[in-house]
A.B. asks: 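Below you'll find the structure I mean.
When reading the values below, keep in mind they use all heavy atoms of this one structure, side chains included, and skip hydrogens, waters and symmetry mates. Counting begins at 1 with the first residue of the sequence. For ligands, and for the atoms within them, numbers begin at 1 and follow the listed sequence.
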Amino acid sequence: MKGKDIISILDFDADELIDIFELAKDIEGNPEKYRDTLHGYVLALLFFEPSTRTMYSFQTAMARLGGASLVFSDTSKTSIAKGETLGDTIRMFDGYADAIVIRHRIEGAAKYAADIAEAPVINAGDGTHHHPTQAVIDLYTIWKYRGVIEGLNIGVLGDLKYGRASTSFIYGVSLFKPSKLYLISPEELRLKEEVKSDLDRMGVDFVETTDLEGSLKELDVLYVTRIQKERFPDPAEYERVKGSYVVNMELLKNAKEGLMVMHPLPRVDEISTDVDSSPYAYYFKQARCGVPIRMALLKLVIIGDKNGCR
Ligand code: NCD
């Protein structure tokens, strides 16, 4: 994987993902073995959109591998404010860093950066398109706690139209042949047609529904997402759909035993806090998986499969 750009979760196949999971598991079990793995290497973190988990977990991952990070998250303090283009900014950081992580509101921005930069580029979210490293984390969480990803009934709830984390998760689980995908959303926020065509092509059995309660009893995993307020062209449309679904303990009375409730976070009000202390809650565990997975990905794209220290 040395030098590989990570733009979409479909840049991987299931076997490659399992190899990444194995490495992340080894990192979790033996952190001291990896302490100097990226000593002397530099990661550029270019965040043109807000971020908490993604930015800080990449930074933590780089620090735990012994490397350094250049963090750029407030464009008002950089030459972007003077009118520098994205292309020129990428060229600059390509000269400073061994890998570039980028989040941008424009779909295709990460691909554009990857075409310019020699260093590997990791997409940390491009508009409503892709968020591949989040999907690797989500799949790892299922693999780690459930032992298997294949053959499950997976529900994805919320804003399937604008959500990039949900789109990448849907593609990601599809690589593992789910038994059935339940795409649960208000009519207005259904999955984009192009993604549905891809699922058809991949031979995935999926159903679109507005009925959360009716679907719930079938599910092994319920992946909940936030309605992406900032992506609505019309605020009135957001007002119509906000608060459409709330997952709470009352609803979960009908859940299968062992159901995993997941969420890429941040949550607004779509999972009630009474679920947090229940055995269904996996979202904080999922967020913690961000560090070992991003450590594994950084090691692989920067130095490849070489073991241990440099
Ligand atoms: C997601 C994102 O930025 O797409 N957040 C994240 O990286 N965990 C999800 C969201 O903002 O709803």
A.B. asks: Please determine whether any non-hydrogen atom of E49 lies less than 4.0 Å from an atom of ligand 1.
C.D. replies: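 No, E49 has no heavy atoms under 4.0 Å from ligand 1.
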A.B. asks: Does a side-chain N-to-carboxylate-O contact under 4.0 Å join D220 and K256?
C.D. replies: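 Between K256 and D220 there is a salt bridge, with a charged N closer than 4.0 Å to a carboxylate O.
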A.B. asks: Checking contacts here: is it the side chain or the backbone of L265 that comes within 4.0 Å of ligand 1, counting heavy atoms only? Could be both or neither.
C.D. replies: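 Within the 4.0 Å criterion, L265 contacts ligand 1 through backbone atoms alone.
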A.B. asks: Name the closest protein heavy atom to atom 4 (O) of ligand 1, giving the residue it belongs to and the distance to 0.1 Å.
C.D. replies: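 Result for atom 4 (O) of ligand 1: R164 NE, 2.8 Å.
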A.B. asks: Which of the numbered atoms in ligand 1 are below 4.0 angstrom from a heavy atom of T54?
C.D. replies: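 What qualifies from ligand 1 is 6 (C), 7 (O).
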A.B. asks: Would K285 pass as a cation-pi partner of Y283, given that its NZ or CZ must be under 6.0 Å from the six-membered ring centre and within 45 degrees of the axis?
C.D. replies: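 Judged by the rule, K285 and Y283 form no cation-pi pair.
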A.B. asks: Identify the protein heavy atom lying closest to atom 10 (C) of ligand 1, giving its residue, its atom name and the separation to 0.1 Å.
C.D. replies: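 For atom 10 (C) of ligand 1, the nearest protein heavy atom comes out as R226 NH2, 3.4 Å.
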A.B. asks: Judging by distance only, is a nitrogen or oxygen of P266 under 3.5 angstrom from one on ligand 1?
C.D. replies: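 By distance alone, the answer is no.
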A.B. asks: Which atoms of ligand 1 sit under 4.0 Å from any heavy atom of Q134?
C.D. replies: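 It comes down to these atoms of ligand 1: 6 (C), 7 (O), 8 (N).
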A.B. asks: With a cutoff of 4.0 Å, is A124 in contact with ligand 1, counting heavy atoms of the residue only?
C.D. replies: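 So A124 does not count as touching ligand 1.
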A.B. asks: Please find out if less than 6.0 Å separates the ring center of F72 from that of F47.
C.D. replies: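 So the answer is no for these two rings.
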A.B. asks: Does A165, backbone or side chain, put an N or O under 3.5 Å from an N or O of ligand 1?
C.D. replies: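 No - when backbone and side-chain N and O of A165 are compared with those of ligand 1, no distance drops under 3.5 Å.
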A.B. asks: Can you tell me how far CG of L38 sits from CG of L43, rounded to the nearest 0.5 angstrom?
C.D. replies: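 Here the interatomic distance stands at 9.0 Å.
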A.B. asks: So is K4 actually on top of F12's ring, under 6.0 Å and inside 45° of the axis?
C.D. replies: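 Yes, a cation-pi geometry.
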A.B. asks: How about F232 and Y162: are their ring centres within less than 6.0 Å of each other?
C.D. replies: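 They qualify: ring centres under 6.0 Å apart.
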A.B. asks: Note the single closest protein heavy atom to atom 7 (O) of ligand 1, along with its residue, its atom name and the distance in Å.
C.D. replies: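 Of the protein heavy atoms, H131 NE2, 2.8 Å lies nearest.
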A.B. asks: Report, in ascending order of atom number, the atoms of ligand 1 lying under 4.0 Å from any heavy atom of Q228.
C.D. replies: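 Answer, ordered by atom number: 10 (C), 12 (O).
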A.B. asks: Is K196 salt-bridged to E193, going by a charged N under 4.0 Å from an acidic O?
C.D. replies: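 Looking at E193 together with K196, the answer is yes, because their closest N to O distance falls below 4.0 Å.
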A.B. asks: Go through E28 and Y140 one step at a time and tell me if the side-chain hydrogen bond (donor to acceptor under 3.5 Å, both in side chains) criterion holds.
C.D. replies: CA-CA 12 Å; E28 282 199 72; Y140 177 64; 2.4 Å; yes
